Amino acid sequence: MRICCPLCGARDRREYSYRGAALPLPDLAADVEVWHAHVHLRQNPAGPLEELWQHEMGCGAWLKVTRNTATHEILAVTLAEEACA
Amino acid sequence: MTLREGAPVADAMMELTETSPCAGLLPLRIGGWALEEVPPGALTLIAPYKGQEQALSAALEAVHGMGFPAPNRSHAAREASLIWFGRAQALLIGPPAAEDLAPLAALTDVSDGWAMVRLEGAGAEDVLARLVPLDLRPQVFEIGHSARTELKHMMASITKVEENAFQIMVFRSLARTLVHDLKRAMEAVAARG
Amino acid sequence: MGFSERFSGWRILKEGLTGNKGWTAHWRDPEPKRDYDVVIVGGGGHGLATAYYLAKEHGLRNIAVLEKGYLGGGNVGRNTTIVRANYYLPGNSEFYSHSLKLWEGLEQDLNYNAMMSQRGMLNLFHNDGQRDAAVRRANSILNQGDDAEILSRVQLRKLVPFLNYDNARFPIMGALLQRRAGTARHDAVAWGFARGADQYGVDLIQNCEVTGIDVEGGKVVGVQTARGPIRARKVALAAAGRSSQVAAMAGLTLPIESHVLQAFVSEGIKPVIDHVITFAEGHLYISQSDKGGLVFGSYLDFYSSYAARGNLPMQEHTMEAIAAMVPAVTRARLLRSWGGIMDMTPDGSPIIDHTPVEGLYLNAGWCYGGFKATPASGDCFAHLIATDRPHPAAARFRLDRFRSGQGLMDEEGTGAQHNLH
Amino acid sequence: MRISGKGLVSGNRTVNFAFNGRHYMGLEGDTLASALLANGVHLLGRSFKYHRPRGILTAGSEEPNALVTIGKGAALEPNIRATQQELFEGLAAQSQNCWPSVERDLMAVNDLAAPFFGAGFYYKTFMWPRGFWEALYEPLIRRAAGLGALSGAANKDPYEKAYAFCDLLVIGSGPAGLMAALTAARAGADVILAEEDSRMGGRLLAEVEEVDGKPAHLWVAEVLAELESLDNVRLMPRTAVTGAYDHGTYSALERVSHHLPPSQSLKTAHRPRECFWRIHAGASVLASGAIERPIAFRNNDRPGIMMAGAVRSYLNRWGVSPGERVTVFGNNDDAHRTARDLLAAGVHVAAVIDSRHDAPDGEGFPVLRGAVVCDSTGRQRLESITIRSVNGEEKIQTDCLAMSGGWNPSLHLTCHLGARPLWRRDLAAFVPRADAVPGMVVAGAANGSFSTHGALTEGAAAAVTALAGLGTSATAAPPPMASDAPYRISPLWAVPGKGRAWLDFQNDVTVKDVTQAAQENFRSVEHMKRYTTLGMATDQGKSSNVAALAVLADATGRSIPETGTTTFRPPFVPTSIAAMGAGAEDQGFAPQRYLTSHQVSQDHGAQDIEVGLWYRASYFARPGETNWRQSCDREVMMVRSAVGVCDVSTLGKIDIQGKDAARLLDLVYSNTFSTLKVGRVRYGLMLREDGFVMDDGTCARLDETHYVMTTTTAAAAQVMAHLEYLTQVVRPEWDVRFASVTDHWAQFSVAGPRARDLINDLVEEDVNAESFPFMGCGAVTVKGVAGRLFRISFSGEHAYEIAVPARYGAALYRLLLERAEALGGGPYGMEALNVLRIEKGFITHAEINGTTTAFDLGMQALVSPKKSCWGKVLSEREGLMEEDRMRLVGLKPIGAVKEISAGAHLFEPDTTVERETDIGYVTSVCFSPTLGHMIGLAMVSAGPERIGETIRLVDHTRGIDALCEVVEPVFYDPEGGRARG
């Protein structure tokens, strides 16, 4: 598997680490239900999924990757700082 | 803390001798390749503050004669080079960073944080191909190109400094492993004749 | 209820002498009825075991198991066949202890030889911290009433002399041994439960994908399938790897992320490894099957996936772990690799519980641990379905523990990120 | 029998080799198989289950029978295919799975018991009495397991892994592959041409055929010469592409030195045995050819019964005829080709048996149309076959039967991403889907185009298509003249009749086993395979899967497509663990991190211990000290009474700058850092998103917008990634930068009553209570070097951490030890450090074990109520705030037993010891030389409420059952006067 880092270009999967689904962040003070849902519950689709990866062994950038979990096809990659700003 | 950390204050008082990261490990000559330690000069991480990218690049141009490098690129000038060192980071190698850059970027002295070696010889990329998951074909990774990647299981910075010559950096404490892994790769490629 | 066709050595002899003409189907292929007391979604190990125990322990007969592919085609048929009861946290301790006891009588109970082999499992440790954790675990196991021993480096070397003792990156200090742990022939477990359930009259329906769950007034009334609608008083989900999709049909969002876990088998070689050996630093587990193949695996590939296949970095990591710890077997050649889809939960432990929908029951989130759990999972799930009360051995496998924080079972202490367990 | 003047090895140097102890001669370019056939050796091994005598079936990597063991001692390697192993001077091979010898194998009795060893027999028996399975049955079965044996010694041969990149990867070097490579190469693309065989050319080396008006192998040589002359082409012989993975990644196994004698010279000492390649290709052309399939008939497994294509390979490539009186059996025209070649070479062809009624006429050999072979005789080598036709049955003497049931395209790699192949009736074979692997184009026989002309044309076209996908335009190399004979076949899978007809030769799976599986309702092809073990031998079912599927379809009254498809998973050929794991052997599994003080510590008698990836000093053995405890106790007392020095550089150090630095720290730490004064240090706690404690450590404020954070050694990388997450994903708008400076600073703890004297002895500044108060920090000049000084203590003593750039680390450490020793102190290691911290109740990852909260650790006060922080909300879930959660306390033994141990569990006195009554566990223990007894830290249900109570400690594994008093976790100087003073 290869992911195209917006900064470094296409790199082997082994340079990246995976966090999970890229979900909208709750307010820090949001109540426990909201944080419970954010941290634990997942739509977990068999298909396109927006997820967070970090180019940990490369440039260190966090990426928002849209990837099909059924085929592993990568549909889009952006820098998380831009996507989440 | 204006005193630049790591810089000898007055040589007369020196009692602490220096030890380089690869002391006792290098140089090595195997097959057609030479592996040598690059003498540790000053290394400064330069991380531009928000919105200061252009100003910083201009200031760098002015004081060090090199603008902020694009991703995967490096600049070289006399006794100094500036290599892209990851997201929003460049590494100034050689002279200490000018203090007047401080308002524009976080400057972090990492002069002693890295082991830096130079691998030279025809087909050096064949040696690195044993350790680095990077496309190093000459037409792809040209002189002046620089990448943050992994070397075996270590974070590394690799820069093509000349035809058949690469500068390789890993954290200082990993110097032994770096030399061991490169040596093994050189021996294996050499043994194929 | 007895078995219509008993297997035995005599049977083998008789059939052998008469040209093996007399063997009959291990299970029927019935047409689905229009109405069942219990419909179990998923004909994998857990679904089949659930059907078997519902029939055997609770006397239910009007049961259907709906399988979208072939029986036992899920993770029960793609794992590293390890059976053990060496967990240390309350909840897991009593459950896997119960499971191991069921394993020990399983073959006679099912009249099917699943080749349960209590060859012993060794968890290596490499430093004081790991040793203390192993001791804590061993004491938990012993307090639960199961067996565990701490072996010194010297004792271990006598038992398994071929490990890398003399020049390892992480020197071997000793091991936790559970003698009653071991392996079983994974497919045979599924087939045994299928045959057993079938002989109790359970309808095993293959190639019958569930496409919808019918809920009326907060109560489940049946399912839609590729072979038409089926009414049911109770619907039990045991569709590991697809739990999220199936639950979504009833409007539920689960605390589950699906990840691929690879497993590997080597060419057959004469016996070298008699135990199951695990190497924590590399998350490696390795054993040797009765056919001679080395069977092994390590981490997840770490990214969400429904593609039952893995990628190179984790394959290489797994082989590297063997090269590091078991250099005597590295001339063996990898023959096949495959990927299973794991329901990963935020604490790495499973769920057997009611759902907010009346009559809808959930068995999911087995992470890596599903195979060894098979009998107890079926027994406890059947108990819940039949009595609407949790089985004491699975009472802590609650769906609401993540919300409450009460009774989390994070054996590895890696936290709520699903893929880190 | 070698036929002089025939074959491509003719005239080559002779090579000496041995098989089963007997010595033979072969030719350079021979495989072990061709050399043995040339020497009239046909019996090579025994089958897995029935120990049937077996010979050579094929001429390639699909070989199920001819597996041998090569090498001696630690170099012994089992399961090597004689059909692939190149001959080298001194090669010594052995048969497998037979005892005492391949000719007389006692286990052959299994063959007589065959009726009782039908499919899945073991699922139905060996169950009584219980316990006999492990005791009796299983050991017997295990003894029969496997084919070859490993030596039991560690594999010391060198192996390697490597990466390669190209525009186009061409897999296979037959007509299609060569044309694809040529086309792409001429277009200037970067090409890798990978060929499993030692010699490139594929079937063109095995057939009598003209290409471009010249013998095919000469055309091959010309093409290779052109490819070799181009520097954008990389030829990789002996390299099998083993897997197709996501996004253009392929794996390949190169047999680097299997064909060479064991290395003698120093120069080749490091030459790898194998190399495991990770190839990334922009696109690929799969030109892997096809595999001929056997026909199942009674006793079709005897030595001498071979694939027709293999017979041609041995004849035309190696100049060997596998028999003197050959018969041919087929359902397609290729069979006739075999007869033609043999005849032309002067070999007697007794008959061609063709199941088709419309089979073509023979050219100088008799053709029996509409006939089949229904049996054979010959114990260790074929003697006769029985032919069944309309005129009844007839027996013919023959020593070699060449059979051809048709060809299966080698589409294995197209299945690796999950795609299923399609059935083509006209070929009676599966062919790959066009879109099976993104970027891969399949050409030639692999795609079902079996004529040479078809393969040449398709190969060139495939390269054009593949490159177009990369935006490179290429023009197809013009296909040379070649035969375009149509492929005519009428399916024949199994000849009906009594007895055992083999499908999977190695695993001994017969037609009967498959039909019995169907009879027992294992009708799904997956069920059938798993029940019969068909296709699970070392040949991975390459020659048996499709036929078995057809037999199953027949037995269940379904068409083949209805019954299912075959699928394949990586690797395409068995791949050694050593190659895929190369680099991890010995100590290569993980990088090794060394401290600047390492050598100096060694000189002072330090024993190394791994801490994460680091090596640290465990303790410093002084002359006369006979165990670690003596050293440890001395070092502890030394710190408490004088001064000790310890290298703490492994702690993660993160330099944080920017106007939002303080905000970031308030977010990441549960307590407040924005209020920290410049020049001061504060202890902080970090929570995970789920509210549990992630890490702890100190953080110093160097100036308004500049902090340096310290993490534990274990969590350094995790914390770094966490900070990146918070600043890039959670608060990308904040202006804060950070960098790891862990390796830049050599940092030493100087602890003990004399610490200040020692420090003042080394730094220019006057270090006193005012300039460096407790938890103060600042710049100092150490012997002329600018460094940092932090007055912090992890020992409870008056202590500092002094840091200088790492190049001065060794020198400063040496100096520190020198001065410390002058003050009655010296170095201390991890063991002493651990004792010192337990005496003070300081926690480490033994307590921060991922399942404990700030509340559990008695640090709720560090979760500021005044601000929110990362993880706070979930840390306050009701279930995490219950009084009876396991919470941190101290333990000291009060009963007769004075020993306590980490990992022990805790109970109320006078309760039974079982899970239900378990109320906690011990996290850390040590002998405290300061207090003169053992002490421990523990997590106990409602711990703080039990202070003063007696508790029972049980460690079954160490046989400890002790009574302890539950005490506050701080055992020493609870007021902290010593550290502050």
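Remember, it's a predicted structure, so these values are computed and weren't measured experimentally.
By the 4.5 Å heavy-atom criterion applied to side chains, D/Met580 and C/Ile322 are not counted as neighbours. Taking 4.5 Å as the limit, every side-chain heavy atom of C/Met115 sits out of range of all side-chain heavy atoms of D/Phe126. Side-chain contact check for D/Asn521 versus C/His26: every heavy-atom pair is 4.5 Å or farther apart. Residues C/Leu408 and D/Phe692 meet the side-chain proximity criterion, which asks for heavy atoms closer than 4.5 Å. Within the 4.5 Å cutoff, the side chain of D/Leu147 has no heavy atoms near those of the C/Glu267 side chain. No side-chain heavy atom of C/Phe264 sits less than 4.5 Å from a side-chain heavy atom of D/Ile577. At least one side-chain heavy atom of C/Arg185 sits under 4.5 Å from a side-chain heavy atom of D/Tyr123.
For C/Leu312, the parts lying near chain D are the backbone and the side chain together; criterion is any non-hydrogen pair under 4.5 Å. If you measure heavy-atom distances from C/Asp128 to chain D, the contacts under 4.5 Å come from the side chain alone. Both the backbone and the side chain of D/Glu585 have a heavy atom closer than 4.5 Å to some heavy atom of chain C. Using a 4.5 Å cut-off between heavy atoms, C/Asp274 contacts chain D through both its backbone and its side chain. Of the two parts of D/Thr533, only the side chain, counted from C-beta on, holds a non-hydrogen atom closer than 4.5 Å to a non-hydrogen atom of chain C. With a 4.5 angstrom heavy-atom cutoff, D/Glu134 touches chain C only via side-chain atoms. At a 4.5 Å heavy-atom cutoff, the contact between C/Arg336 and chain D is made by backbone and side-chain atoms alike. Heavy atoms of C/Thr318 lying under 4.5 Å from chain D are absent altogether. Interface residue D/Asp918: only side-chain heavy atoms are found under 4.5 Å from chain C. Interface remark: C/Asp187 contributes side-chain atoms only to the contact with chain D (heavy atom separation under 4.5 Å). Only the side chain of D/Lys161 comes within contact range of chain C, with heavy atoms under 4.5 Å apart. Heavy atoms closer than 4.5 Å to chain C are found in the side chain of D/Glu831, but not in its backbone. With a 4.5 angstrom heavy-atom cutoff, D/Thr844 does not touch chain C via any of its atoms. The contact between C/Ser404 and chain D is made by backbone and side chain atoms together, counting heavy-atom distances below 4.5 Å. Of the atoms belonging to C/Asn164, it is side-chain heavy atoms, and not backbone ones, that fall under 4.5 Å from chain D. C/Val326 does not touch chain D: none of its heavy atoms, backbone or side chain, sits under 4.5 Å away. If you measure heavy-atom distances from C/Trp191 to chain D, the contacts under 4.5 Å come from the side chain alone. Residue contact with chain C, scored on non-hydrogen atoms closer than 4.5 Å, involves the side chain of D/Tyr921 exclusively. Within the 4.5 angstrom heavy-atom criterion, no atom of C/Ile141 approaches chain D. With a 4.5 Å cut-off on non-hydrogen atoms, D/Arg530 touches chain C through its backbone and its side chain both. When heavy atoms are compared at a cutoff of 4.5 Å, D/Arg143 approaches chain C solely by way of its backbone atoms N, CA, C and O. Of the two parts of D/Val954, only the backbone, made up of N, CA, C and O, holds a non-hydrogen atom closer than 4.5 Å to a non-hydrogen atom of chain C. In this structure, chain C has a heavy atom under 4.5 Å from the backbone of D/Pro591, while its side chain stays farther away. For C/Leu89, no part sits under 4.5 Å from any heavy atom of chain D, backbone or side chain. Both the backbone and the side chain of C/Ala321 come within contact range of chain D, with heavy atoms under 4.5 Å apart. Only the side chain of D/Glu882 comes within less than 4.5 Å of a heavy atom of chain C; its backbone N, CA, C and O stay farther away. D/Ala74 touches chain C through its backbone: at least one of N, CA, C or O sits under 4.5 Å from a heavy atom, while the side chain does not. Within the 4.5 angstrom heavy-atom criterion, no atom of C/Ala307 approaches chain D.
Using a distance-only test at 3.5 Å, with no hydrogens or angles considered, a donor-acceptor pair links the side chain of D/His527 to the main chain of C/Leu71. Proximity of a side-chain donor or acceptor of C/Gln406 to a complementary backbone N or O of D/Glu878 within less than 3.5 Å is not detected. A donor-acceptor pair under 3.5 Å is formed between the side chain of C/Asn139 and the backbone N or O of D/Gly903. The main-chain N or O of C/Trp23 is never found under 3.5 Å from a side-chain atom of D/Glu520 such that the two would form a donor-acceptor pair. Between the C/Asp132 side chain and the D/Ser924 main chain, no donor and acceptor come within less than 3.5 Å of each other. A donor-acceptor distance shorter than 3.5 angstrom exists from the side chain of C/Lys270 to the backbone of D/Ala145, with no hydrogens or angles considered. In this structure a side-chain-to-backbone donor-acceptor pair under 3.5 Å is present from C/Ser337 to D/Pro570.
To the nearest 0.5 Å, atoms OH (C/Tyr88) and NE2 (D/His905) are separated by 9.5 Å. The OG atom of C/Ser117 sits 6.5 Å away from atom CZ of D/Arg142, with the distance rounded to the nearest 0.5 Å. Here D/Met127 contributes atom CE and C/Asp109 contributes atom CG; the two are 11.5 Å apart, rounded to the nearest 0.5 Å. With rounding to the nearest 0.5 Å, the separation of CG in D/Asp246 from CG in C/Asn311 is 4.5 Å. Rounding to the nearest 0.5 Å places OG of D/Ser524 at 10.5 Å from CG of C/Asp29.
Using a 4.5 Å cut-off between non-hydrogen atoms, the part of residues 144-151 of chain C that approaches chain D consists of C/Gln144, C/Ile150.
Between the side chains of D/Gln516 and C/Asn20, no donor-acceptor pair of N or O atoms lies under 3.5 Å.
Nearest heavy atom pair, residue C/Ala138 against residue D/Thr957, reads CB-CG2, 3.6 Å. The minimum heavy-atom distance between C/Leu13 and D/Phe116, with the atom names listed, is O-CE2, 3.5 Å.
When each of D/Thr515, D/Val913, D/Ile80 is scored by its heavy-atom pairs under 4.5 Å with chain C, the top score falls to D/Ile80. Comparing C/Gln315, C/Gln417, C/Arg403, C/Glu94 by heavy-atom pairs within less than 4.5 Å of chain D, the highest count is held by C/Glu94.
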task = Report the C-alpha distance between D/Glu77 and C/Arg333 in whole Å, list the side-chain angles of each, state the deciding distance to 0.1 Å, and finish with yes or no for salt bridge (charged side-chain N to carboxylate O under 4.0 Å, His left out).
result = CA-CA 10 Å; D/Glu77 188 154 323; C/Arg333 299 185 194 84; 3.0 Å; yes
- request: Please assess C/Arg119 against D/Glu138 for the test salt bridge (charged side-chain N to carboxylate O under 4.0 Å, His left out), listing each intermediate value before the final yes or no.
  value: CA-CA 10 Å; C/Arg119 56 188 59 240; D/Glu138 188 182 32; 2.7 Å; yes
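Using a cutoff of 4.0 Å between basic side-chain nitrogens and carboxylate oxygens, D/Arg278 and C/Glu316 are scored as salt-bridged.
Each of D/Val922, D/Asp955, D/Asn849 was checked for a side chain to side chain contact (heavy atoms under 4.5 Å, CB included) with C/Arg136, and the lone residue meeting it is D/Asn849.
With D/Phe589 as the aromatic partner, C/Arg169 does not meet the cation-pi criteria of under 6.0 angstrom to the ring centre and within 45 degrees of the ring axis.
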